[in-house]
There are 2 protein chains.
Amino acid sequence: MRIGELAARAGTSTRTLRYYESRGLIGSRRAVNGYREYDEDDLRQVREIRALLDFGFGLEETRPFVECLRAGHDAGDACPASLEVYRRKLAELDACIDRLRDVRERLRRQLAVADSAHAAPEPRCGLAPHPGD
Amino acid sequence: MRIGELAARAGTSTRTLRYYESRGLIGSRRAVNGYREYDEDDLRQVREIRALLDFGFGLEETRPFVECLRAGHDAGDACPASLEVYRRKLAELDACIDRLRDVRERLRRQLAVADSAHAAPEPRCGLAPHPGD
DNA sequence: GCTGGCGTTGACGCCGACGTCAAGGTCTAC
DNA sequence: GTAGACCTTGACGTCGGCGTCAACGCCAGC
């Protein structure tokens with residue numbers, strides 16, 4: 001298949017595929033007219049890349065997975081190098097989540113304090129608050 | 001004080017302060033020689049911006065807080081507009097955390113599956129596994 | 001008056017994963 | 001033969017929050 005079909009079947013753009021090739025992630029045979037030619041294996045490699053990017057991987061981090069597929073394995077994560085990346089990303093993810101939860105808690109407290117301060121900027125001076133106020 | 005001192009006291013750079021000014025976030029009086037002049041209020045505004053950026057706010061999202069300070073309030077989050085941003089960011093944060101936890105779980109499962117497949121790619125063919133293998 | 005440390009504006013660089021446009025070649029269908 | 005749908009390479013644009021450099025002005029101390 002040619003690049004347009006590959007892009008469509010992988011749910012991405014031709015520009016993206018050429019970009020991956022420029023990074024050395026995927027290869028390409030050329031037809032006599034210079035057009036890039038791809039097969040089903042290429043499709044699987046691109047889908048692997050896309051799935052990992054969706055997981056928040058950087059493009060470089062998908063490289064071991066792609067190479068693992070090219071080496072003939074039926075899964076990109078069948079190789080030690082891929083597992084190493086898995087573990088690294090998992091640790092990063094944990095750290096990121098912890099950080100965000102910390103921020104969320106601080107934010108929540110800020111909001112609570114600011115909210116209450118805004119609800120009662122100063123004592124109400126003896127007037128009972130109106131029910132619908 | 002001049003821009004160098006403000007930068008040092010706010011823990012940032014002069015370039016950053018000029019950038020904030022170019023975005024209209026902070027103002028500046030000028031001395032007769034054209035130098036920017038700042039006071040303690042400016043310092044507090046810059047510190048407010050920095051604190052919010054550390055929380056993952058975008059620069060634009062700090063604007064209500066800065067304006068709140070400039071309006072004379074003693075806290076950047078004393079105004080309704082700031083609280084609105086708080087709430088929005090809190091919701092974004094929740095969504096982001098949920099998303100990351102989902103990814104983490106998927107990743108964890110992938111790792112578990114791939115790990116076990118790697119540990120036992122095929123039956124051991126009758127040889128008992130070595131204890132330290 | 002000269003050095004050095006401050007300040008000024010303006011402009012380009014960076015990162016990552018592409019989008020978008022330009023100017024052309026190729027192939028198919030009519 | 002020509003329209004138009006595909007392909008090619010190359011290059012610039014995007015987003016945010018600045019870093020970094022250039023080329024210059026101002027001011028204090030020696």
Side-chain angles (χ1 to χ4, degrees), chain A residues 1-39 42-43 45-66 85 88-89 92-93 96 103, chain B residues 1-39 42-43 45-66 85 88-89 92-93 96 103:
Chain A
M1 85 194 86
R2 290 176 307 182
I3 198 169
E5 186 181 346
L6 178 59
R9 292 182 62 189
T12 180
S13 70
T14 62
R15 173 73 180 91
T16 294
L17 296 178
R18 281 189 275 257
Y19 176 63
Y20 293 167
E21 182 184 331
S22 79
R23 306 279 92 190
L25 266 179
I26 57 178
S28 68
R29 285 119 303 176
R30 294 302 180 108
V32 281
N33 57 11
Y35 287 12
R36 291 171 175 84
E37 268 302 321
Y38 302 98
D39 57 21
D42 294 316
L43 175 58
Q45 290 171 32
V46 174
R47 284 185 170 154
E48 182 86 18
I49 294 172
R50 298 259 96 200
L52 292 171
L53 289 187
D54 282 347
F55 273 2
F57 284 49
L59 202 48
E60 267 315 306
E61 295 172 325
T62 71
R63 194 178 295 274
F65 296 80
V66 178
V85 177
R88 221 162 31 74
K89 290 308 277 187
E92 284 178 23
L93 217 40
C96 186
V103 169
Chain B
M1 84 194 86
R2 289 175 308 179
I3 197 170
E5 186 181 346
L6 177 60
R9 291 181 63 189
T12 182
S13 70
T14 62
R15 173 70 179 93
T16 294
L17 296 178
R18 281 189 274 256
Y19 177 62
Y20 293 166
E21 183 183 329
S22 78
R23 305 280 92 190
L25 266 178
I26 56 179
S28 67
R29 286 117 302 180
R30 296 302 180 107
V32 280
N33 57 10
Y35 287 13
R36 291 172 176 83
E37 270 301 320
Y38 302 98
D39 58 23
D42 295 315
L43 175 58
Q45 291 171 30
V46 174
R47 284 186 170 153
E48 181 89 16
I49 294 173
R50 298 259 95 201
L52 292 171
L53 289 186
D54 283 346
F55 273 3
F57 283 48
L59 202 48
E60 266 315 305
E61 296 171 324
T62 71
R63 194 179 296 274
F65 296 80
V66 178
V85 178
R88 219 161 33 75
K89 290 307 277 186
E92 284 178 23
L93 216 40
C96 186
V103 169

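Everything quoted here is computed from the prediction, not taken from an experiment. Atoms considered below: every heavy atom in the structure, side chains included; atoms not considered: hydrogens, waters and symmetry mates. Letters A, B, ... mirror the listed sequences (proteins, then strands); counts begin at 1.
The structure places CG of B:N33 at 8.0 Å from CZ of B:R2, a figure rounded to the nearest 0.5 Å. The structure places CZ of B:R88 at 8.5 Å from CZ of B:F57, a figure rounded to the nearest 0.5 Å. In this structure, CG in B:D39 is found 8.0 Å from CD in B:Q45, a value given to the nearest 0.5 Å. Note that the OH atom of B:Y20 and the CZ atom of B:R15 stand 11.0 Å from one another [nearest 0.5 Å]. With values rounded to the nearest 0.5 angstrom, B:I26 atom CD1 is found 10.5 Å from B:R18 atom CZ. Rounding to the nearest 0.5 angstrom, the gap separating the CG atom in B:L17 from the CG atom in B:L25 is 11.0 Å.
Put simply, chain A comes within 4.0 Å of DNA chain D, heavy atom to any atom, from D:dC6 to D:dA11, going 5' to 3'.
Qualifying salt bridge (Lys or Arg N to Asp or Glu O under 4.0 Å) partners for B:E37, counting only residues two or more places apart in sequence or in other chains: none.
With contacts defined as side-chain heavy-atom distances shorter than 4.5 Å, the pair B:L59/B:Y19 qualifies. Contact check for A:L52 versus A:K89: no side-chain heavy atoms found under the 4.5 Å cut-off. Counting only heavy atoms from C-beta outward, the side chains of B:R36 and B:T14 never approach each other to under 4.5 Å. Between B:I49 and B:V66 the shortest side-chain heavy-atom distance falls below 4.5 Å.
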For nucleotides 25-30 of chain C, give me one character per nucleotide, 5' to 3': B if any protein heavy atom sits under 4.0 Å from the base, S if the only such contacts are to the sugar-phosphate, - if neither. BBS---
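Shown for residues 46-65 of chain B: residues whose heavy atoms fall under 4.0 angstrom of DNA chain D, namely B:R50, B:L53, B:G58, B:L59. Of the residues in residues 11-28 of chain B, those placing a heavy atom less than 4.0 Å from an atom of DNA chain D are B:S13, B:R15, B:T16, B:Y19, B:Y20, in numerical order.
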For A:I3 and A:Y35, what are the C-alpha separation, side-chain angles and deciding distance, and is it a side chain to side chain contact (heavy atoms under 4.5 Å, CB included)? CA-CA 8 Å; A:I3 198 169; A:Y35 287 12; over 6 Å; no
Checking B:R9 against B:D42 for the salt bridge (Lys or Arg N to Asp or Glu O under 4.0 Å) test, could you report, in this order, the C-alpha distance in whole Å, the side-chain angles of both residues, the deciding distance, and whether it holds? CA-CA 11 Å; B:R9 291 181 63 189; B:D42 295 315; over 6 Å; no
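Between B:L53 and B:G58, the closest heavy-atom pair is CD2-C, 4.0 Å.
Direction of the helix axis in the helix from C:dG1-D:dC30 to C:dC30-D:dG1 shifts by 40° between the two five-pair termini, rounded to 10°.
For the pair B:R47 (side chain) and B:G11 (backbone), a donor-acceptor distance under 3.5 Å is absent.
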